[in-house]
Amino acid sequence: VTGVQTCALPICQTGGWSDERGLRLVRQGIAESASQGIDAERDVARYIEFLVIYGPEFQSLGWAAEILATPDLDGAEKMDRIDNYDLFNR
């Protein structure tokens with residue numbers, strides 16, 4: 001958790017969030033990403049970044065839900081596809 005917090009908390013703090021709110025989001029991101037098979041620290045931090053960008057229901061957005069539900073993708077591949085979607089379609 002400490003490594004992910006180190007990566008993700010600055011993202012939360014740039015939005016003027018309190019440490020408490022940031023920690024709640026980090027914990028939410030860790031739990032949600034684990035349930036999606038995303039477990040590498042770098043990928044969990046990217047997942048949390050998208051929670052900050054799109055909001056706490058990000059995993060329910062149609063395009064994100066489709067990517068996250070793809071069983072033949074590992075965690076890094078899921079996050080790469082989410083990054084690509086965000087880069088080219090936002």
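We count residues from 1, following the sequence as given.
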Pairwise distance [atom1]([X]) to [atom2]([Y]) - rounded to 0.5 angstrom:
X     : Y     : atom1 : atom2 : result
Leu68 : Gln36 : CG    : CD    : 4.5 Å
Asp39 : Ile30 : CG    : CD1   : 12.0 Å
Ile53 : Ile48 : CD1   : CD1   : 12.5 Å
Ser33 : Gln59 : OG    : CD    : 10.5 Å
Ile82 : Ile38 : CD1   : CD1   : 5.5 Å

Exercise. Taking 4.0 angstrom as the limit, do Lys78 and Asp43 come out as a salt bridge?
Worked result: no

Give the minimum heavy-atom separation between [X] and [Y], together with the two atoms involved.
X     : Y     : result
Tyr47 : Met79 : N-CE, 3.5 Å
Gly29 : Leu51 : CA-CD1, 3.5 Å
Pro56 : Glu32 : O-OE2, 4.2 Å

### Task
Decide side-chain contact (heavy atoms from CB on, under 4.5 Å) for Asp83 and Leu87; before the verdict, give the C-alpha distance in whole Å, the side-chain angles of both, and the deciding distance to 0.1 Å.
CA-CA 6 Å; Asp83 278 338; Leu87 179 64; over 6 Å; no

inquiry  = Test side-chain contact (heavy atoms from CB on, under 4.5 Å) on Glu77 and Asp72; report intermediate values, then the result.
reply    = CA-CA 9 Å; Glu77 292 168 324; Asp72 58 328; over 6 Å; no

Parallel, tilted or perpendicular, judged at 30° and 60°: which one describes the rings of Phe50 and Phe58? parallel

What orientation do Trp63 and Tyr85 show, parallel under 30°, tilted 30 to 60°, or perpendicular over 60°? parallel

_More than 12 heavy atoms of other residues, nucleotides or ligands under 6.0 Å from CD of Gln28: yes or no?_
yes

